[in-house]
Amino acid sequence: MAKINESLLALLRCPVTNSPLIQVGEELLSTANSEGGTPVRYKIDEGIALLLTPEQLSPEQLTA
C-alpha cells in the first residue's frame with residue numbers, strides 16, 4: 001500500500017468540499033460529505049493522489 005507523506009497530506013484539500021483529506025487504504029477520503037451525503041473518494045495510483053472526480057477520470061483510470 002502506498003502511503004501519502006503526512007506533511008503532504010496535511011496540505012491537501014478535497015477539490016469538491018474543500019475539506020482536509022484522510023488516507024484509508026488505497027484511497028483518500030474527504031472529511032466533509034459531498035452534496036450526496038457521502039465523503040468524496042480519490043484513488044491513489046502508484047503513490048500519486050488522483051484528485052479528480054469520477055467524471056474527470058478516463059475509463060482506464062476508473063478500472064485500474
Side-chain angles (χ1 to χ4, degrees):
M1 172 177 79
K3 180 119 173 91
I4 300 293
N5 180 293
E6 291 295 323
S7 58
L8 174 60
L9 193 56
L11 298 173
L12 294 176
R13 294 288 180 264
C14 172
V16 175
T17 66
N18 199 35
S19 66
L21 297 167
I22 57 171
Q23 184 170 356
V24 177
E26 291 291 323
E27 295 181 314
L28 295 179
L29 274 69
S30 63
T31 55
N33 289 340
S34 67
E35 290 180 9
T38 59
V40 183
R41 297 177 172 274
Y42 299 98
K43 188 174 176 183
I44 300 171
D45 186 17
E46 296 183 23
I48 299 171
L50 302 177
L51 298 180
L52 301 170
T53 61
E55 297 82 30
Q56 295 171 313
L57 294 171
S58 69
E60 298 85 36
Q61 291 170 316
L62 286 171
T63 58

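Note that the coordinates shown come from a computational prediction; the quantities given were computed from them, not determined experimentally.
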Nearest heavy-atom contact between Leu28 and Ala49 is CD1-CB, 3.5 Å
task: Indicate if Leu29 and Leu9 have the same hydrophobic cluster label, given that clusters are the connected sets of ILVMFWY residues with side-chain heavy-atom separations under 4.5 angstrom.
output: no
Residues at least two apart in sequence or cross-chain that pass side chain to side chain contact (heavy atoms under 4.5 Å, CB included) with Leu8, listed by chain then number, are Ile4, Asn5, Leu12
State whether the side chain of Ser30 and the backbone N or O of Val40 hold a donor-acceptor pair below 3.5 Å, judged by distance alone.
yes
Output for pair (Glu27 CD, Ile44 CD1), nearest 0.5 Å, gives 8.0 Å
Heavy-atom nearest pair, Ala32 first then Thr17, reads O-CG2, 3.8 Å
With sequence neighbours left out, the residues meeting side chain to side chain contact (heavy atoms under 4.5 Å, CB included) with Thr31 are Ser19, Pro20, Ile22
Here the pair of heavy atoms bringing Tyr42 nearest to Val16 is OH-CG2, 3.5 Å
Residues at least two apart in sequence or cross-chain that pass side-chain hydrogen bond (donor to acceptor under 3.5 Å, both in side chains) with Glu26, listed by chain then number, are none
